[in-house]
Amino acid sequence: MPAHPSPPTFAGYGLGLRREHYRDFLETHVPVDFVEVISENFMVAGGQPLDILRRVRERHPVALHGVSMSIGSADGLRRDYLVRLKALVAAVDPLYVSDHLAWSRIGRFNSHDLLPLPYTDEALDVVCTNIARAQDALGRALLFENPSSYLAFAGTPMTEWEFLARMCERTGCGLLLDVNNVYVSAANHGFDPFAYLDGIPAQHVRQVHLAGHSQGDGLLIDTHDQPVPDGVWALYAHAVARCGPVATMIERDADIPPLSELLAELALARRLGLREAA
């Protein structure tokens, strides 16, 4: 039996809060339902970034999205990381707290990247133990994002969506469905992205990321530096038809355009989401 209540459902549309748009969010009315920030950028005791976040929080709900919890690390989670994240959660009272189904460090090694896991029973045990510890430390159920990947382990007994379903069932965590990651991984590994969306536990999806990608040398790369492409929009329509209205946001991390361009993309997401969920 999961120890924490399921994450709430919030059917809003939002943007990632980036430095280029701080002034817009502080000085004007930005028509979004929530914002998302990278947790590690604000896990400090004070200073201007945290002050800005608190001021934005007075206007908009905030989702915290982490990149270095390393939920797949076989040697467990870092206590100091959880302590600092808990302090940020207390300061912001976030809508959601999320991270990635990936690992980035073991012992003193840190890849500073989100590395894939083998989808085995042993890895599932590690991930679920770490999720339980993180949720107990923070006093809430968390969301975990499906990864984009460029290589896969041979002969694993589960698909990624089967692993996600068992993970949610055992821990009570929610899913952050990154539709662009599904598109990228499907292209790189040759699986059907629509079959992936049909296989995920839709009842656990609480948030959706939409983003763009770039063509690498024989692979798609999850760069978040392009507008959302047509293929990702098609997957989003399919996802909303399955999952219903959940918090949806545009994720842009490089080549940041004017806020008006992101708001136009978000308006498209809103129209498409409302149509498919009807």
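As the structure is a computational prediction, the values presented were derived from the model and not from experiment. We number each residue from 1, following the sequence as shown.
Residues Gly172 and Ala141 share a closest heavy-atom pair of O-CB, 3.8 Å. In this structure, Pro31 and Leu263 approach most closely via the heavy-atom pair CD-CD1, 4.0 Å. For the pair Leu114 and Ala102, the tightest heavy-atom approach, listed with the atom from each and the gap, is CB-CB, 3.9 Å. Closest approach of Leu219 to Tyr150, counting heavy atoms only: CD1-CB, 3.9 Å. Taking every heavy atom of both residues into account, Thr9 and Pro245 meet most closely at CG2-O, 4.1 Å. When all heavy atoms are compared, the tightest approach of Leu142 to Ala134 is CD1-CB, 3.8 Å.
Proximity of a side-chain donor or acceptor of Arg54 to a complementary backbone N or O of Pro49 within less than 3.5 Å is not detected. At least one donor-acceptor pair closer than 3.5 Å links the side chain of Arg242 to the backbone N or O of Leu197. Checking side-chain atoms of Asp178 against main-chain N and O of Asn180 turns up a donor-acceptor pair under 3.5 Å. For Asp75 (side chain) and Gly107 (main-chain N/O), a donor-acceptor pair under 3.5 Å exists by modelled atom type. Thr248 places a side-chain N or O within donor-acceptor distance of the main-chain N or O of Val246, the cut-off being under 3.5 Å. The closest donor-acceptor contact from the side chain of Trp103 to the backbone of Pro116 lies under 3.5 Å.
Not a single side-chain hydrogen bond (donor to acceptor under 3.5 Å, both in side chains) links Arg133 to another residue, sequence neighbours left out. Every side-chain hydrogen bond (donor to acceptor under 3.5 Å, both in side chains) that Ser70 has, sequence neighbours left out, goes to Ser73. Every residue two or more places apart in sequence or in another chain that forms a side-chain hydrogen bond (donor to acceptor under 3.5 Å, both in side chains) with Asp136 is listed here: His4. Take His204 and apply the side-chain contact (heavy atoms from CB on, under 4.5 Å) test, not counting sequence neighbours, and it matches Cys168, Glu169, Leu175, Pro201. With sequence neighbours left out, the side-chain hydrogen bond (donor to acceptor under 3.5 Å, both in side chains) criterion links Trp161 to Thr159. Residues satisfying the ring pair (Phe, Tyr, Trp, His ring centres under 6.0 Å) criterion with His209, sequence neighbours excluded, are His65.
The ring pair (Phe, Tyr, Trp, His ring centres under 6.0 Å) pairs that include a residue from residues 221-249 are Phe194-His238, where partners are two or more places apart or lie in different chains. Pairs passing the side-chain hydrogen bond (donor to acceptor under 3.5 Å, both in side chains) check and including a residue from residues 11-25, sequence neighbours excluded, read Arg18-Asp253. Counting only residues at least two apart or on different chains, the side-chain hydrogen bond (donor to acceptor under 3.5 Å, both in side chains) pairs with a member in residues 81-94 are Glu40-Tyr81. The list of salt bridge (charged side-chain N to carboxylate O under 4.0 Å, His left out) pairs with a residue in residues 187-209, not counting sequence neighbours, is empty.
If you take CG on Leu117 and CZ on Phe153, they are separated by 7.0 Å, rounding to the nearest 0.5 Å. Summarising the geometry, atom CG belonging to Leu64 is positioned 9.0 Å from atom CZ belonging to Phe42; distances are rounded to the nearest 0.5 Å. Taking CG from Leu50 and CG from Leu88, the interatomic distance works out to 6.5 Å, rounded to the nearest 0.5 Å. Interatomic distance, OG of Ser98 versus CD of Glu36, reported as 5.5 Å (0.5 Å rounding).
The cluster map of Ile, Leu, Val, Met, Phe, Trp and Tyr, joined by side-chain heavy atoms under 4.5 Å apart, puts Leu235 and Ile250 in the same cluster. Transitive grouping of hydrophobic side chains (ILVMFWY, heavy atoms separated by less than 4.5 Å) keeps Leu266 and Tyr96 in distinct clusters. Under a hydrophobic clustering in which Ile, Leu, Val, Met, Phe, Trp and Tyr are joined whenever their side-chain heavy atoms come within less than 4.5 Å, directly or via other members, Phe34 and Leu53 fall into different clusters. Residues Leu95 and Leu176 are members of one and the same hydrophobic cluster, defined by side-chain heavy-atom contacts under 4.5 angstrom among Ile, Leu, Val, Met, Phe, Trp and Tyr. No continuous path of ILVMFWY side-chain contacts below 4.5 Å connects Phe10 to Val30, so the two sit in separate hydrophobic clusters.
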>> Walk me through whether Leu272 and Val240 qualify under side-chain contact (heavy atoms from CB on, under 4.5 Å).
In response: CA-CA 9 Å; Leu272 187 58; Val240 174; over 6 Å; no
>> Run Leu85 and Ser39 through side-chain contact (heavy atoms from CB on, under 4.5 Å) and show every step you take.
In response: CA-CA 7 Å; Leu85 180 57; Ser39 303; 4.1 Å; yes
> What's the verdict on side-chain contact (heavy atoms from CB on, under 4.5 Å) for Gln215 and Leu220, showing C-alpha distance, side-chain angles and the deciding distance?
Replying inline: CA-CA 5 Å; Gln215 181 65 56; Leu220 294 185; 3.2 Å; yes
> For Ile131 and Phe144, what are the C-alpha separation, side-chain angles and deciding distance, and is it a side-chain contact (heavy atoms from CB on, under 4.5 Å)?
Replying inline: CA-CA 9 Å; Ile131 289 176; Phe144 289 93; 3.6 Å; yes
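When hydrophobic residues (I, L, V, M, F, W, Y) are linked wherever their side-chain heavy atoms come within less than 4.5 Å, the members clustered with Val67 are Ile38.
Contact check for Ser104 versus His112: no side-chain heavy atoms found under the 4.5 Å cut-off. The side-chain heavy atoms of Leu262 and Arg252, taken from C-beta on, include a pair separated by under 4.5 Å. Under the 4.5 Å side-chain criterion, counting only non-hydrogen atoms from C-beta, Leu77 is in contact with Met69. Side-chain contact between Leu143 and Cys173 is absent, with no heavy atoms from C-beta onward closer than 4.5 Å. A 4.5 Å side-chain heavy-atom check between Val32 and His60 finds at least one atom pair inside the cut-off. Taking the side chain as every heavy atom from C-beta outward, Val182 and Ile200 never approach each other to under 4.5 Å.
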Please report, to 0.1 Å, the donor-acceptor pairs under 3.5 Å made by any side chain of residues 118-129, with sequence neighbours excluded.
from, atom 1, to, atom 2, distance (Å)
Tyr119, OH, Glu160, OE1, 2.7
Thr120, OG1, Ala123, N, 3.1
Asp121, OD1, Arg166, NH1, 3.2
Asp121, OD1, Arg166, NH2, 3.1
Asp125, OD1, Arg170, NH1, 3.0
Asp125, OD1, Arg170, NH2, 3.1
Thr129, OG1, Asp125, O, 2.9

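Aromatic rings from Tyr183 and His213 are positioned such that their centres are separated by under 6.0 Å.
When each of Leu164, Leu101, Asn181 is paired with Glu145, the side chain to side chain contact (heavy atoms under 4.5 Å, CB included) condition holds for Asn181 and for no other.
Ionic pairing of Asp33 and Arg270 is present here: one or more N-O contacts between side-chain nitrogen and carboxylate oxygen are shorter than 4.0 angstrom.
Using modelled atom types, one finds a donor on one side chain and an acceptor on the other under 3.5 Å when comparing Ser149 with His189. With no hydrogens or angles considered, a side-chain donor-acceptor pair links Ser214 and Asp225 at under 3.5 Å.
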